[in-house]
Amino acid sequence: MHADRAEAVQVPGKPNLDGLETKWDAAWASSGVYAFDRTAPRERVFSIDTPPPTVSGSLHMGSVFGYVQTDAVARYQRMAGKAVFYPMGWDDNGLPTERRAQNYFGVHCDPSLPYDPDFTPPATEGIGADGKKVKRTEACSRRNFVELCIELITADEVVFEATWRRIGLSVDWSLLYQTISDEARATSQRAFLHNLARGEAYQAEAPTLWDVSFATAVAQAELEDRERPGAYHRLAFHRVDDAGAVTGDDVFIETTRPELLAACVALVAHPDDERYAPLFGTTVATPVFGVRVPVLAHELAEPDKGSGIAMICTFGDTTDVTWWRELELPTRAIIGRNGRIRTETPEWITAAGDDAVTAYETLAGKTVFSAQEQMVGLLRASGDLIGEPEPISHPVKFYEKGDKPLEIVTSRQWYFRNGGRDPELREMFAKRGTQLDWVPDHMRHRYQHWVDGLNGDWLVSRQRFFGVPIPIWYGVDADGEPDHDTVLVPDESALPVDPSSDTPPGYDESQRGAPGGFVGEADVLDTWATSSLTPQIACGWGRDDDLFARTFPMDLRPQGPEIIRTWLFDTIVRAHFEHGTLPWKRATINGWILDPDRKKMSKSTGNVVTPLALLENYGTDAVRYWSTSARPGTDTAFDEGQIKIGRRLAIKLLNASRFALNSGATDPDPAHITEALDRALVTRLAGVVATATAAFDAFDYARALEVTEAFFWDFCNDYLELVKGRAYGDDAEPADATLSARATLATALDTVLRLFAPFLPFVTEEVWSWWRPGSVHAAAWPTGEPPAWPTGTDDTVLAVAADVLGAIRHAKSDAKVSMKAPVATVVFTDSAERGAALEAAASDVVDAGVVTTLVVEQSDDDASPTAIEVTLDQTD
RNA sequence: GGGCGAUUAGCUCAGUUGGCCAGAGCGCUGCCUUUACAUGGCAGAUGUCGGGGGUUCGAGUCCCUCAUCGCCCACCA
């Protein structure tokens, strides 16, 4: 080994993977290899709209899977010369944090309370007057509540960041953002105000899907169906003659929600349904209450469902809403926002007579469940329940985070236009979907399908507390009533604002709620209304114009398939309104992780594998290997075996590198690569580089990994064995052949480390540090193109040499002898070309196979197959 | 009911624009302590490419159809 290089090369005696994560994470943090170059012009920037994970303190397998795949792409882009803008964000705005703060501090928010700067949360448990332990919870203002939420998550986020650093993401942690930060709230409010000014945000009094336990409105995108038991109840409605008297003829309907009978506004059947055609336009009386309702026709009524005629209530389901709107029916709501039957008797019941009032009063204040029992009792008593309820199982709409079925209530809410009520706008958003590059391409159908199925605008107001406040106030009229048509807006320079504690321009706090004064909007924005602005938040829109110009529209949005309808679509909506562009060029959609039974891993099914133990046991690189083995967008079964393979690969990399470097392979100078076998190896490597590069350019990191890995194992098994002897040359005066082997080993090692760097950042960096300057992650992606490497050869020499070596091993394996066992003769019969190729590597083959005599014969016929006869030396 | 995807060795998966005997790894079997690695190495066996049609000289690959699984959507009285 050259003395001048011996100092530069420091190979540990027995390298291992332990501790590499801690060592290199700290080194990268201090050296700033992943820092974004703010001077880079837009065309050299690659910007990534990272999904901000919900801060929970724990890490899920699915997160590791998706983020690592994106990180591999980010690392490739960086090595390929891009200034990678790769921020991380924490999604700490919203319901999960709100719930945790309530439990942790024992508080709940009352937005009507004034801010108390000295507020301290109560002890969460105390001793009550009766001497028993009680859970304490105390009300506080919204601003106090938000302060407590922020206090809680700030502590959590320190731990969370440490956890995330373990998976080796090459994010620039200095760009970390929080969706509840002042900057994010200001961005969200600014965008809202712009939407308001342009008419893209509006308020409306409308039937709204309502979660009774959270007491908040929910949007179409947050719904999910759950199969629930129910029962068909067959009810008799009574026909009424022109004079208004009950005739004795009955009409039978079937319903799963008899408790809504008091909210019935009409019956409806299909216009072509001959059974009911004579009834259209007539009036019937509801059972028990005797409320007069019309019988109407509408094509949404399905003749073969139930009895073919349905009662319309305000509101039992979304079909009722459609009928109510299209048939211009009155609103007769009986369910309050608390999910109970309204206590005051409605006027249409009062108008129906004393019996109706008496009946209603037995329902008033009951929950939906008890009201149903009571109503069934009433119907049974009046003889209007026909037969017994028939149990069924049917899908019921739920808020995805809720545990009670949704009700539909009428309320004043804020909406963003999204094409759900405007065919032209819908067409525009469909077009945006076609302009986006999708990886994999078929994911575009999911977007298209969602846009096609939109049936209303985006409901963005939420009756929650920890979120971005809707930044407006309403005027209060002379009678002290809020006038929702008088909307007061803040100055943009004042953002973020909280209307419950800040005042609108031109007013002071004494005017809050006073006649002629103002009242703050109590609602907050849906978390998606803020998350849909992650490109604007991360890129510094309205805050740092220079940064924004260098990074927006972004290059990449990586995310899961389940939030195409929410995060992806909503982000496109906001960017379209605000900037008239797509928010990014391309979206990569990752697949699911399935458990071995092919079920999606999720918390609710309890089949989650926690990644932390895997990271501990096998090392981060091993887990990353498994994650990046999965094709983009492809669901993958969790397979611990694959992680073990990753660990083996990382260890192999350590050992092969150690061997190559200890053989003197430190100078990759291509001028020394003169031997045919070596040139063949380099030629093959150039092919691998080309394939891996093309794969990465198509965002197919898995293929890049696959070809690199295949090359590396062949390299270890064949090439390394073949050149072992030659590389161990005389160090004082190395022969050209020795120099050639060493230069080739160095070239291959140098290149393989770069090729693996996006996947196995820790072990590649470790090996790189033994002999190369700087960080492998700041090194250039290999090109493998002339003039750097020798050309004019193909890899036939390597292929033939590997074939012969394989045949020799085969013979030894069959004979059950050591691979060190000597071989008397090898007779190789093949074409002239392959024969010549073997001759060129003859000494290496003879050396590696311990062969005494190697004979090369030319076959008569070029088409005849290769024949390799191996005769073992029997003397010992 | 609609849309999208999947179905290849016991298991997990590759198979790029249709082209010679269909591949990898794991697992399995046998052998080898070989001075980079026993956290190893070498070798071996294993497939009606979900079923059925069709196009083609030729189909795992293209078309039709059926089945199963998964995800998403739907106005679920």
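In the text below, chain A, chain B and the rest are named by the order of the sequence lines, each starting its count at 1. Just so it is clear, the values below take in all heavy atoms, side chains as well, and ignore hydrogens, waters and symmetry mates. In this text, all values refer to a predicted model and were calculated from it rather than measured experimentally.
Picking from B:rU12, B:rC73, B:rC72 the nucleotide with the shortest atom distance to the side chain of A:Asp639 gives B:rU12. Side-chain proximity of A:Thr319 to B:rC75, B:rA14, B:rG5: nearest is B:rC75.
Taking atom CG of A:Leu223 as the reference point, atom P of B:rC76 lies 14 Å away to the nearest angstrom. For A:Lys397 and B:rA77, the NZ to P distance is 11 Å, given to the nearest whole Å. Whole-Å rounding puts the A:Glu302 CD to B:rA77 C1' distance at 9 Å. Summarising the geometry, the separation between CZ on A:Arg631 and P on B:rA24 is reported as 15 Å, rounded to the nearest angstrom. Between the CG atom of A:Leu454 and the P atom of B:rC75 there is a distance of 12 Å, given to the nearest Å. The distance from atom NE2 of A:His270 to atom P of B:rA77 is 17 Å, rounded to the nearest whole Å. The NE2-P distance, from A:His449 to B:rA74, rounds to 8 Å in whole Å. Between the CD atom of A:Glu400 and the P atom of B:rC71 there is a distance of 15 Å, rounded to whole Å.
Electrostatic pairing of A:Asp320 and A:Arg257 does not count as a salt bridge here, judged by no charged N lying under 4.0 Å from a carboxylate O. Salt-bridge formation is not detected for the pair A:Asp844/A:Lys724: no Lys NZ or Arg NE/NH1/NH2 atom is positioned less than 4.0 Å from an Asp or Glu carboxylate oxygen.
Taking CD of A:Gln10 as the reference point, atom CG of A:Leu661 lies at 11.5 Å (rounded to 0.5 Å). Atom CG of A:Leu385 and atom CG of A:Leu379 lie 6.0 Å apart (nearest 0.5 Å).
Checking A:Lys812 against A:Trp323, the closest nucleotide of RNA chain B that is more toward the 5' end is the one next to A:Lys812.
The gap from the C1' atom of B:rG52 to that of B:rC32 amounts to 50 Å, rounded to the nearest Å. Of the C1' atoms belonging to B:rA74 and B:rG2, the separation is 7 Å, rounded to the nearest Å. As rounded to the nearest Å, B:rA6 and B:rA43 have C1' atoms that lie 35 Å from one another. B:rC49 and B:rG23: their P atoms are spaced 15 Å apart (whole Å). Comparing the same atom, P, in B:rA59 and in B:rG54 gives a spacing of 12 Å after rounding to whole Å. Only the C1' atoms considered, B:rG19 is 13 Å distant from B:rG60, to the nearest whole Å. One P atom belongs to B:rU61, the other to B:rU16, and the distance between them is 11 Å to the nearest Å. Comparing B:rG18 with B:rA9, their C1' atoms sit 23 Å apart, to the nearest whole Å.
Minimum heavy-atom separation, A:Gly849 to A:Val823: O-CG2, 3.6 Å.
Separation of the A:Phe759 and A:Phe696 ring centroids falls under the 6.0 Å cut-off. Aromatic rings from A:Phe638 and A:Trp626 are positioned such that their centres are separated by under 6.0 Å. You'll find the ring centres of A:Phe712 and A:Phe756 inside the 6.0 Å limit.
Across all strands, A:Ser818 comes closer than 4.0 Å only to sugar-phosphate atoms, never to a base (heavy-atom distances). Contacts of A:Gly308 with the nucleic acid, taken as non-hydrogen atoms under 4.0 Å apart, include base atoms. Counting any heavy atom pair closer than 4.0 Å across all strands shown, A:Ala710 reaches no nucleic acid atom. Using a 4.0 Å heavy-atom criterion, one finds that A:Leu300 contacts the bases of the nucleic acid, with or without backbone contacts as well.
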Under 4.0 Å protein heavy-atom contact, by nucleotide of nucleotides 35-46 of chain B - B base, S sugar-phosphate only: -BBSBSSBSS--
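Between A:Tyr447 and A:Trp438, the ring planes are tilted. Angles from 30° to 60° get that label.
Under the rule for a salt bridge (Lys or Arg N to Asp or Glu O under 4.0 Å), the partners of A:Glu706 that lie at least two apart in sequence or sit in another chain are A:Arg631, A:Arg703.
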Test log, rule salt bridge (charged side-chain N to carboxylate O under 4.0 Å, His left out), inputs A:Arg726 and A:Asp847: CA-CA 9 Å; A:Arg726 182 151 55 88; A:Asp847 204 26; over 6 Å; no
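Applying the 4.0 Å criterion to OP1 and OP2 of B:rC72, one finds that A:His445 has every side-chain N and O outside that range.
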Secondary-structure notation, RNA chain B, from Watson-Crick and G-U pairs under 3.5 angstrom (| other strand): (((((((..((((.....[...)))).(((((.......))))).....(((((..]....))))))))))))....
